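Following: one structure in C-alpha cells, then a few remarks.
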Number of protein chains: 2
Amino acid sequence: MDKPRVGLKDVAALAGVSVKTVSNVVNGYVHVTPATRSRVEAAIKELNYRPNLSARNLRQGRTGIIALAVPELDIPYFAELARFVVTAAEERGLTVLIDQTGASREREQLVAEGFRAHLIDGLIFSPLALTPEDLAARMDDTPMVLLGERVYDGPADHVVVDNVAAAKEATLHLAATGRRRIAAIGAQDDVAAETSRLRLAGYFEALAEAGLPADDRLVQHVEDYHRADGARAMARLLDSGQAPDAVFCFNDLLALGALRTLLERGHAVPGEVALAGFDDIEDGRYATPTITTVSPDKQAIARQAVDLLAARMTKGSQAEAREIRVAYQLMIRESTGG
Amino acid sequence: MDKPRVGLKDVAALAGVSVKTVSNVVNGYVHVTPATRSRVEAAIKELNYRPNLSARNLRQGRTGIIALAVPELDIPYFAELARFVVTAAEERGLTVLIDQTGASREREQLVAEGFRAHLIDGLIFSPLALTPEDLAARMDDTPMVLLGERVYDGPADHVVVDNVAAAKEATLHLAATGRRRIAAIGAQDDVAAETSRLRLAGYFEALAEAGLPADDRLVQHVEDYHRADGARAMARLLDSGQAPDAVFCFNDLLALGALRTLLERGHAVPGEVALAGFDDIEDGRYATPTITTVSPDKQAIARQAVDLLAARMTKGSQAEAREIRVAYQLMIRESTGG
DNA sequence: AATTGTGTTTACAACGTTGAATACAACGAT
DNA sequence: ATCGTTGTATTCAACGTTGTAAACACAATT
C-alpha cells in the first residue's frame, strides 16, 4: 500500500522484453509484433503503469503544458475565456495551467519574466498593469501570445478586438436611440490601462460623430472593473446633479453595478437611463433588463491564441510577430430598449 | 537567439565550481563561502539560469503541482472557489492546475483514475456525476480531497457543508416570512446527483417542521444548474396553474434564472413570490432584488482542502480519512424581503 | 550458399537535477 | 606532532524516459 513507483523497467521485466520495447509500445511505434505488443500491454495493465511525465519532459525538452495568465478567475469574462482556452488547448493535446496575476504589476512582471520557466512550453497572457518597458525587458524566450489590444512592439503575437471601433459602435447606438447626455464609466488614470484608454477614445469619437458635446463630468474613473466600482460610479453620476440619460460602461460588470444603483434609486432602465456594456458575459443576459453589450467572439479569441502559440512553439521564435483581429458584435438588448 | 538551454553545468563552468556547488547555492544550502556564493550568483544572473523543474521533479519524485477538478470554470461558484484554492495553494508553494470535467461522468472517471499521474502531487476534486463505485474502483494512489457532501466510504478526505441543514434553514426562513406554497427548483433524477438529493431532503424536512404539506408539483427537476434551467423551471411553475408564493432554488444561478422569468412576466419579487438561492455568488448580491442565499465559507473550504491535501501528501495515505465540516451562513436579502 | 533487404528488438547514452558519500583544508585540543 | 572536528567543496550515481545506432531474425533475391 505504499508507493511501488512502477516504471518502464518493471513492465519490461514482467513482460520479458527490453525497456525500449515497452517504450515503443507505449508510444505506438509501428514495428512491434502483435504478440509482443499484447504481452506488454498485459503487463502494463497488471502493474497499472503510468508514464512519468517529468522524465518524458526532461528527455524531450517539452512539458505539454501552457499557462494562461489572467487578472482574476472570478471575473466572468476571464472565466468564460479560460474555459474556451482549456477546450482549445485540449484539442491539441495541451494542458492549461492558470495563473492569477491579481492585476498587480509585480505579479505580471513575474509571469512575463518566466517564473514558470521549464514548466510551461508557452504562455497566453492577458496583462493589465504591465508597461511596454516591462515587456521589452522580458528575457525569457518561452513563446508568448498576448490578449488585448496591441500596444507593444515586442516580438509577441497578439489576439485583439478592435476596442476603439467597438466602443464607438456601442456609444453611437446609444446616440441613435435619441440620448443626448451619454456618460462613460470605466476610465482609468493608470498609464498602463490600455483597454480603458481605447474604449474611452471610441466613446469620444462617437460623441463627435453624433454631434454631441464631450463633457468631462460625464466620464467616471474607476479603480477596478468590478460590480462595486460600477455601482459607486453610477452613484457619483446621479449625485452630481448632471444625471445622464445613457451610460456606456467599459465592461459588463461595471454595467451590472451601475444597473443595481439605478434600480435601487428608482430610476427606470431604459426609460430614464439607457445602459450598454462590454464583454457579453452571461450575467448580462439574465439581468432585468438584459444588458446591451459588445460581444467579442471569445471562442475565436481562445482558438486563435492557442493556434498562434502552437505555431510559435514549433516554428521557433524567429517568425515575425503576428496580430490577429477577432470579430465582435453589438448585442442590442432591453437596457437600450432593444 | 535560438535555444541555449542553460543548465547547472553551464553556470558551474562560468563560475569555476562544480555543478553540485551551484545546486547548493540555488537551494540555499548553508555551507557555502560568501565569496563562492556571490560568484555563482553572478554567473546565474549573467546566463539567466532557471532550474529545470522537470529534472528536479524527476529527481525528487514530486512536482509541486496539484490539480483542482471542477465541473465548469464559468460557473461563478467554482470560479470563486478556484480563486481561493489557487491563493491557498500558493501560500504553500504549490501550483494549481485546473481541470474541467464538464460534469461528464466519463471525464470525472478519467480524473479520478489519475490521467495526470506523475504530473500532479495531489488532487482536489469536486465530482458531480461520479458514482461511489467509480471512486471505489480508483487505482491511482495520488492523494485526493473531495469537495461536496460525504457520500463515499473510500479512503479520501472530504470537505463538506451541511447541505441538509443549510437547505432546511433557507426553506424555514421562507416559511417564517409567511409563505405557504414554497416551491423547489433543482431536483435531479440522476442517482449520482448527491447535492440535489441532500438539498431536497432539507427542503422537505423544513416543510414538515413548518407544518406545510409537501406537494410534488412544486418540485421542479432540472438538467443542469445554470441560469437557463432556472428560468425554464420557473416558467413551468407559473404555467402549471399552481403558482407558488416562494421558491427555494438549489443554487444561485437557478435563482437568477428564475428571477429573470418572474420579472419578465411581471411578477413582483418578493411581493408576489419570494426567492432564495444557495452559494452566495457575487451576481446575487447585485441583482435587483438582491438574492437571499446560503453562503458557504468558500475561503475556508479552499484552505481546508489544501491543508488536508498537503497533510496527506507528506504523511502518506495510511492515515484515516478525515471529514471537515465548513461553516455556512444564511444571507437574508431583498428577494425575501430582508 | 551468400547477399540483400525488411522488420523487430536491444544496448547505450543523455536530458538536468540532487542525495549520499567522500575529499580536502583549516583549526583547536590533546 | 597527532587526532578529531568543523566547514566547504567535489565526485558519483540515480530518477524514468527516449533517440540513435546497432544487433538480430528471417524472408526474398541473387
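A note on names: the letters A, B, ... follow the listed sequences, proteins ahead of strands, and every chain is numbered from 1. Note that the coordinates shown come from a computational prediction; the quantities given were computed from them, not determined experimentally.
The base of C/dT17 does not come close enough to the side chain of B/Arg59 for any donor and acceptor atom to sit less than 3.5 Å apart.
In this structure, CD of B/Gln60 is placed 12 Å from P of C/dT17, rounded to the nearest angstrom. Rounded to whole Å, the distance from CG on B/Leu58 to C1' on C/dG19 is 14 Å. Between B/Asn52 atom CG and D/dC15 atom C1' the separation is 13 Å, expressed in whole Å. The CG-C1' distance, from A/Leu119 to C/dT17, rounds to 15 Å in whole Å. Note: NZ (B/Lys9) to C1' (C/dT17) measures 11 Å, nearest angstrom. Rounding to whole angstrom units, CZ of residue B/Arg62 and P of D/dG16 are separated by 15 Å. Atom CZ in A/Arg56 sits roughly 17 Å away from atom C1' in C/dA14 (whole-Å rounding). Summarising the geometry, the separation between NE2 on A/His118 and C1' on C/dT17 is reported as 11 Å, rounded to the nearest angstrom.
Distances shorter than 4.0 Å separate none of the side-chain N or O atoms of B/Arg5 from OP1 or OP2 on C/dG16.
Listed here is the closest heavy atom pair of B/Asn48 and A/Asp140: ND2-N, 4.5 Å.
With sequence neighbours excluded, no residue satisfies salt bridge (Lys or Arg N to Asp or Glu O under 4.0 Å) with B/Asp297. For A/Arg138, the salt bridge (Lys or Arg N to Asp or Glu O under 4.0 Å) test picks out no residue, with sequence neighbours left out. Applying the salt bridge (Lys or Arg N to Asp or Glu O under 4.0 Å) test to B/Arg62 and every residue at least two apart in sequence or in another chain returns nothing. Contacts of A/Arg325 classified as salt bridge (Lys or Arg N to Asp or Glu O under 4.0 Å), with partners at least two apart in sequence or in another chain: A/Glu149, A/Asp162, A/Glu323.
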Steps toward side-chain contact (heavy atoms from CB on, under 4.5 Å) verdict (B/Leu146, B/Leu135): CA-CA 11 Å; B/Leu146 291 177; B/Leu135 266 187; 3.6 Å; yes
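For the segment residues 13-43 of chain A, residues with any heavy atom less than 4.0 angstrom from an atom of DNA chain D are, sorted by number, A/Lys20, A/Ser23, A/Asn27.
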Please tabulate the protein-to-nucleotide N/O contacts below 3.5 Å involving nucleotides 25-28 of chain D, giving atom names and distances.
none

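Each end of the helix from C/dA2-D/dT29 to C/dT30-D/dA1 gets its own axis from five base pairs, and the two axes differ in direction by 60°, given to 10 degrees.
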Which pairs would a plain distance check flag for residues 122-130 of chain B, meaning a side-chain donor or acceptor within less than 3.5 Å of a matching protein atom at least two apart in sequence or in another chain?
none

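Within the structure, every pair that satisfies the salt bridge (charged side-chain N to carboxylate O under 4.0 Å, His left out) test and touches residues 104-126 of chain A, not counting sequence neighbours, is listed here: A/Asp99-A/Arg116, A/Arg105-A/Asp134, A/Arg107-B/Glu90. Among residue pairs with one or both ends in residues 30-56 of chain A, none qualify as salt bridge (charged side-chain N to carboxylate O under 4.0 Å, His left out); sequence neighbours excluded. Listed by first and then second residue, the ring pair (Phe, Tyr, Trp, His ring centres under 6.0 Å) pairs involving residues 23-50 of chain B are B/Tyr29-B/His31 (not counting sequence neighbours). Residue pairs that meet the salt bridge (charged side-chain N to carboxylate O under 4.0 Å, His left out) test with at least one member in residues 68-85 of chain A, sequence neighbours left out, are A/Glu72-B/Arg83, A/Asp74-B/Arg83, A/Glu80-A/Lys298, A/Arg83-B/Glu72, A/Arg83-B/Asp74.
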